[in-house]
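Whatever order the structure lists them in is the order used to number ligands and atoms, beginning at 1.
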Amino acid sequence: MKKKMWDGRFESGMASAMVDLSFSLHFDQELIREDVAGTLAHCAGLVQSGILTPEEFKLVQTELPLIRDEILQGKDLFSAEDEDIHMALERILTIRIGEVGKKIHTGRSRNDQVATDFKVYLRRASSEILEHLVNLQSVVLKLAKDNIEHIMPGYTHLQQAQPILFSHYILSLFWALERDKKRYKSFLEIHNSCPLGSGAMAGSAFPYQRDLVAGALGFKTITDNSIDAVSHRDAALEFLSHAAVLISGISRYAEDFVIWSSLEFGFLSLHDSFSSGSSMMPQKKNPDSMELIRGKAGRIIGNFTSLYTTVKGSPLSYSRDLQEDKEPIFDTHKTVMVILRVMAEALATANFKFSVMEKKMESGLLATDLADLLVEKGIPFRDAHHLVGVLVGKAVANDCAFTELPDDDWASVPGFDELRRQLSFRNSVERRNIAGGTGSASVQAQIIKAEQIIRDELRN
Ligand code: ARG
């Protein structure tokens with residue numbers, strides 16, 4: 001192996017197997033933007049500390065972004081000796097601007113450098129996810145507004161349970177996403193301090209301009225403890241946890257939409273552009289977009305598990321294990337973004353079959369309403385539940401809807417004639433105009449609240 005930047009005390013180079021284990025350039029070049037921004041902020045501080053002259057800083061300021069852009073455009077400036085993006089950029093810069101390149105790492109360690117880059121990355125990723133969450137919420141809200149008149153069966157245990165408005169169903173996603181947004185917003189609040197100046201673990205020995213550097217990177221403040229700053233990966237863990245919660249929720253809608261796309265349900269036909277065919281069966285149109293969302297949720301939860309496991313046994317302060325924090329985060333960020341995009345576009349273009357939903361509703365959905373109506377007539381709920389249960393049992397035995405049983409069977413139900421007339425899917429929905437319920441006035445109230453949330457988001 002060629003010489004390394006840190007090899008002053010070493011007699012031999014790194015074994016090739018060790019290189020394979022150790023080098024991280026192939027994945028941490030993802031941090032190139034953050035690393036260049038971090039180095040420029042750090043160097044601005046070095047000018048204030050008297051380590052770099054303004055002219056030397058100018059050189060760095062001119063050359064480093066050029067190097068970044070060339071790499072981003074696909075130019076291969078890397079060499080076999082570059083173990084990570086941080087060393088690579090310093091090496092390339094030094095080739096281009098000479099001695100000044102060798103000064104830029106003054107007062108900094110890769111430990112605080114990486115911790116800073118990573119935090120900046122996580123903050124950007126969280127902001128991007130937040131934007132996509134708002135976008136998906138807007139799609140959901142539009143669906144709810146455009147289809148407020150449609151009734152569908154609501155499910156528990158994947159069995160028809162009670163009639164609901166389609167809008168009520170779809171808005172359930174809106175409110176779950178709202179909590180996901182709150183989690184990412186809180187993330188941005190909590191993880192807003194800059195590690196630079198922490199050095200390897202004990203703090204920089206130079207008159208490091210911590211506030212200036214933090215401000216240049218958009219941080220609100222600086223970290224309070226250098227060991228904390230280089231050791232902890234709670235920001236990454238929290239990011240993964242929020243992603244796992246978010247994706248576990250979305251995956252359930254994906255699962256519903258897979259089921260709805262089946263011939264047996266027939267509630268939904270995804271647009272061709274979010275479906276795939278079969279290589280063998282010409283008739284197939286598969287809801288692959290939803291299956292993939294469901295599948296990728298497993299992978300995000302895997303990323304979550306992987307980093308928690310890595311971090312928990314790593315002694316303080318920095319240990320090299322922590323280099324393993326990058327891939328789960330990069331993968332999670334990209335996967336969450338694509339899932340949110342696909343879900344938004346697939347929903348916006350989907351064909352929901354409202355007439356099928358209505359046709360598939362069976363009268364058992366009204367059993368609770370009948371029991372409730374009996375309660376209103378003064379019968380204790382448990383007795384009412386039993387009376388209706390007996391009716392339903394007879395209907396099952398006769399293979400008909402309980403509402404269609406002959407009057408003889410209804411005779412045990414007091415005032416049945418009038419009650420039967422009140423039983424309809426629409427009435428069932430409208431009896432539930434309680435706040436948060438499926439009645440149309442309640443759902444309108446949800447829509448108004450949701451619209452205000454989206455308006456506020458777009459204003460900010
Ligand atoms: N590539 C390393 C990482 O991401 C950089 C830090 C190396 N620090 C060290 N003390 N060897 O964690």
Side-chain angles (χ1 to χ4, degrees), residues 1-10 12-15 17-39 41-42 68 71 77-94 104-125 191 194-205 217 223 225-237 239-240 303 306-333:
M1 280 300 301
K2 288 256 290 283
K3 300 280 249 177
K4 311 220 121 337
M5 290 189 186
W6 42 253
D7 70 356
R9 60 152 291 171
F10 286 81
S12 86
M14 218 182 240
M18 177 58 187
V19 168
D20 291 347
L21 180 70
S22 159
F23 281 28
S24 55
L25 178 67
H26 58 286
F27 58 82
D28 65 20
Q29 52 183 289
E30 190 71 37
L31 290 174
I32 187 166
R33 291 182 191 80
E34 288 75 16
D35 201 66
V36 167
T39 296
H42 165 75
R68 174 197 63 204
I71 292 171
L77 302 181
F78 297 129
S79 117
E81 77 198 78
D82 293 330
E83 59 178 77
D84 58 25
I85 187 64
H86 324 290
M87 299 294 235
L89 288 173
E90 185 180 324
R91 183 189 60 77
I92 300 163
L93 183 69
T94 305
I104 64 164
H105 206 54
T106 316
R108 175 175 80 168
S109 153
R110 264 185 303 161
N111 297 353
D112 58 349
Q113 181 179 3
V114 166
T116 304
D117 290 3
F118 205 37
K119 235 182 192 178
V120 173
Y121 178 96
L122 285 164
R123 289 180 58 78
R124 170 167 67 83
H191 303 288
C194 183
L196 276 173
S198 301
M201 57 90 69
S204 179
L217 285 171
T223 50
N225 177 302
S226 59
I227 298 173
D228 171 34
V230 300
S231 305
H232 285 289
R233 290 297 183 267
D234 56 317
L237 296 177
F239 182 91
L240 292 174
N303 289 338
S306 112
L307 190 58
Y308 275 75
T309 313
T310 298
V311 167
K312 77 169 187 62
S314 167
L316 264 59
S317 59
Y318 177 88
S319 298
R320 195 64 186 282
D321 318 35
L322 296 181
Q323 178 170 290
E324 291 296 309
D325 58 1
K326 317 284 181 316
E327 286 164 294
I329 289 291
F330 298 154
D331 183 60
T332 298
H333 173 210

Once you restrict both partners to nitrogen or oxygen, which atoms of ligand 1 have a protein partner under 3.5 Å, and how far apart are they?
from	atom 1	to	atom 2	distance (Å)
ligand 1	1 (N)	D84	OD2	2.9
ligand 1	1 (N)	Q323	OE1	2.8
ligand 1	4 (O)	K326	NZ	2.7
ligand 1	8 (N)	N111	OD1	3.0
ligand 1	10 (N)	N111	OD1	3.2
ligand 1	12 (O)	Y318	OH	2.3

The criterion is salt bridge (Lys or Arg N to Asp or Glu O under 4.0 Å); which residues satisfy it with D331, sequence neighbours excluded? R299
With a 4.0 Å cut-off, would you call R108 and E90 a salt bridge? no
Between the side chain of Q113 and the main-chain N/O of H105, is any donor-acceptor distance below 3.5 Å? no
Can you list the residues that meet the ring-ring contact (aromatic ring centres under 6.0 Å, His included) rule with H42, with sequence neighbours excluded? Y208
Holding to ring-ring contact (aromatic ring centres under 6.0 Å, His included), I want the full list of residues that pass it with H333, two or more places apart in sequence or in another chain. Y121
Under 4.5 Å between any side-chain heavy atoms of H86 and D28, yes or no? yes
